[in-house]
Asker: 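Here it is, the structure, as structure tokens.
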2 protein chains.
Amino acid sequence: MLISGPPFRWHWTETGMNIGQASAASGVSAKMIRYYESIGLIPKPSRTDAGYRVYTETEVRTLGFIRRARDLGLSIERIGLLVGLWLDHGRSSADVKRIATEHVAELESRILELIAMRDTLQALAKSCHGDQRPECPILHELEGGGARRAAAPRRPAGPRPAAPGPAA
Amino acid sequence: MLISGPPFRWHWTETGMNIGQASAASGVSAKMIRYYESIGLIPKPSRTDAGYRVYTETEVRTLGFIRRARDLGLSIERIGLLVGLWLDHGRSSADVKRIATEHVAELESRILELIAMRDTLQALAKSCHGDQRPECPILHELEGGGARRAAAPRRPAGPRPAAPGPAA
DNA sequence: GTGGGGATTCCCATGATGGGAAGGTCAAGC
DNA sequence: GCTTGACCTTCCCATCATGGGAATCCCCAC
């Protein structure tokens, strides 16, 4: 790859970047840019004669907006709503705030679930000798030995946490 | 094939439940039981002449073990290891503890990520008027206006939180 | 004109789960 | 006996956001 970079071709006015440059500039992978286009989150960009996608500064800004929203763990669906409001100068900040608040609530419940799990497991691990002997309160609990604790009521498809990213 | 043996080999010991009963008894959906079997997490149960799966009390106990582990957010992979240790009476509790501790660490980092997201978004929402006016610090931040905050380095496929469950 | 990097599309995989179709089985009621 | 409905079977599809990779084409610097 390497951005040996066009020495000067783009004087920042109507840049006209290809997908690789738009990706580097926005922090959204080319794969994801195409995906966002396919699901209608972003409009179809113009193309060169050869079929290469061409992105304007404006479109790259939108991609940056989307990336930051993803970094806050917002779902694609909500991001779509936010982008719509962002572009709508007649919007009400109340609508934006409501979306954010809903997400905060979901993050909160997700956090509580995870904390409950962590606390339960941490307590069990703490009481486990962790030596060569086979006796282990962790296994005993999983066997059904302990009282039911952690683990919320099985969350409904949960509030996507964020972007999975590289490793998989 | 059914127990070719004497007319009543199973008097109540060796219950012999079908998948629906095993599901009800263990709290694991029939769909998941079949899935666990397909990926080798549990062994293939015996079948009736008609092809119905037949589960013994022992197998149902294993399913319960798996469900509780899932409730603690453990991945199928780790659960497989735990089941193996559980059945291995020569195990070292250290191995069990290590698995639990690794999971606690993953839960912890996940929690920190979510908290960072929540805090950022909560602060932004708080500073948003939430009225009819269009000005909104949330959108301003997403536009790239604010300093980079929350959102960890894009988690690597994260430590599955728990079981999605019913609603979806 | 050639080579290498980048673009294109298309398909597949992930993790853990559910939904549903098409067809076979069992048990209870008439 | 026969019907009915609940249950089982397998198989495929969808989720959510993302990456991997193949096959093919394009662009630009040499």
Side-chain angles (χ1 to χ4, degrees), chain A residues 1-7 9 16-24 27-39 41-42 44-45 47-55 66-67 69-80 106 110 154-168, chain B residues 2 16-24 27-39 41 44-55 66-67 69-80 106 154-168:
Chain A
M1 46 144 18
L2 205 290
I3 343 81
S4 58
R9 293 183 66 271
M17 308 168 132
N18 62 28
I19 202 170
Q21 298 170 316
S23 169
V28 177
S29 73
K31 273 274 204 220
M32 280 300 100
I33 294 175
R34 295 194 193 95
Y35 171 67
Y36 293 157
E37 177 189 331
S38 80
I39 60 171
L41 178 60
I42 55 176
K44 300 195 176 188
R47 303 264 188 153
T48 64
D49 287 345
Y52 279 28
R53 291 174 177 76
V54 178
Y55 296 91
I66 292 170
R67 183 185 53 73
R70 283 294 301 145
D71 284 348
L72 286 176
L74 285 148
S75 68
I76 294 293
E77 188 185 350
R78 285 211 174 99
I79 292 175
E106 288 176 11
R110 197 87 186 66
R154 318 202 123 233
R155 73 185 227 295
R160 278 135 319 13
Chain B
L2 218 332
M17 306 168 135
N18 62 27
I19 203 170
Q21 297 169 316
S23 169
V28 177
S29 73
K31 275 274 203 215
M32 281 300 100
I33 294 176
R34 294 193 193 98
Y35 171 68
Y36 292 157
E37 177 188 331
S38 79
I39 60 172
L41 177 60
K44 300 194 177 190
S46 59
R47 304 262 187 153
T48 63
D49 286 345
Y52 281 27
R53 290 174 177 77
V54 178
Y55 296 91
I66 292 170
R67 183 185 55 71
R70 282 294 302 145
D71 284 347
L72 286 176
L74 285 148
S75 68
I76 295 293
E77 188 184 350
R78 284 212 174 97
I79 292 175
E106 288 177 10
R154 317 202 125 235
R155 73 186 225 298
R160 279 128 318 25

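Letters A, B, ... mirror the listed sequences (proteins, then strands); counts begin at 1. Because only heavy atoms are used, hydrogens play no part in the values below, and waters and symmetry mates are left out as well, while side chains stay in.
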Asker: Without decimals, in angstroms, what is the distance between B/Arg47 CZ and D/dC8 P?
Answerer: 12 Å
Asker: Between the base of C/dG24 and the side chain of B/Tyr52, is one N or O donor paired with an acceptor at under 3.5 angstrom?
Answerer: yes
Asker: B/Asn18 or A/Ala50: which one's nearest nucleotide on DNA chain D is closer to the 5' end?
Answerer: B/Asn18
Asker: CG of B/Asn18 to OG1 of B/Thr48: how many Å apart, nearest 0.5 Å?
Answerer: 9.0 Å
Asker: Rounded to the nearest angstrom, tell me the gap between atom CZ in A/Arg70 and atom P in D/dA17.
Answerer: 5 Å
Asker: If you round to the nearest 0.5 Å, how far is CE of A/Met32 from OG of A/Ser23?
Answerer: 10.5 Å
Asker: Specify the separation, in whole Å, of atom CD1 of B/Ile39 and atom P of C/dT17.
Answerer: 9 Å
Asker: For the CG atom of B/Leu41 and the CD1 atom of B/Ile79, what is their distance to the nearest 0.5 Å?
Answerer: 7.0 Å
Asker: For the pair made of CG in B/Asp49 and C1' in C/dC26, what is the distance, rounded to whole Å?
Answerer: 13 Å
Asker: C/dT17 C1' sits how many Å from B/Leu74 CG, rounded?
Answerer: 17 Å
Asker: Do you know the tightest heavy-atom contact between A/Val28 and A/Tyr36?
Answerer: CG1-CE1, 3.8 Å
Asker: At 4.0 Å (heavy atoms only), tell me whether A/Ser29 reaches a base, stays on the sugar-phosphate, or touches nothing.
Answerer: sugar-phosphate
Asker: Over how many whole Å does the gap from A/Gln21 atom CD to C/dG6 atom P extend?
Answerer: 11 Å
Asker: Taking the side chain of B/Arg53 as its heavy atoms from C-beta onward, which of C/dA16, D/dC26, D/dT9 lies nearest to it?
Answerer: D/dT9
Asker: D/dA17 P sits how many Å from A/Leu72 CG, rounded?
Answerer: 15 Å
Asker: Please tell me which of B/Tyr35 and B/Lys31 maps to the more 5' nucleotide of DNA chain C, matching each residue to the nucleotide holding its nearest heavy atom.
Answerer: B/Tyr35
Asker: Within the structure shown, what part of the strands sits under 4.0 Å from A/Arg34 by heavy-atom distance: base, sugar-phosphate, or nothing?
Answerer: base
Asker: With the side chain of B/Ile19 defined as its heavy atoms from C-beta on, choose the nearest nucleotide among C/dA7, C/dA16, D/dC8.
Answerer: D/dC8
Asker: If I take atom CG in residue B/Asp71 and atom P in nucleotide C/dA16, what distance separates them, rounded to the nearest angstrom?
Answerer: 14 Å
Asker: Which atoms form the tightest heavy-atom contact between B/Val54 and B/Arg47, and what is the distance?
Answerer: CG2-C, 4.2 Å
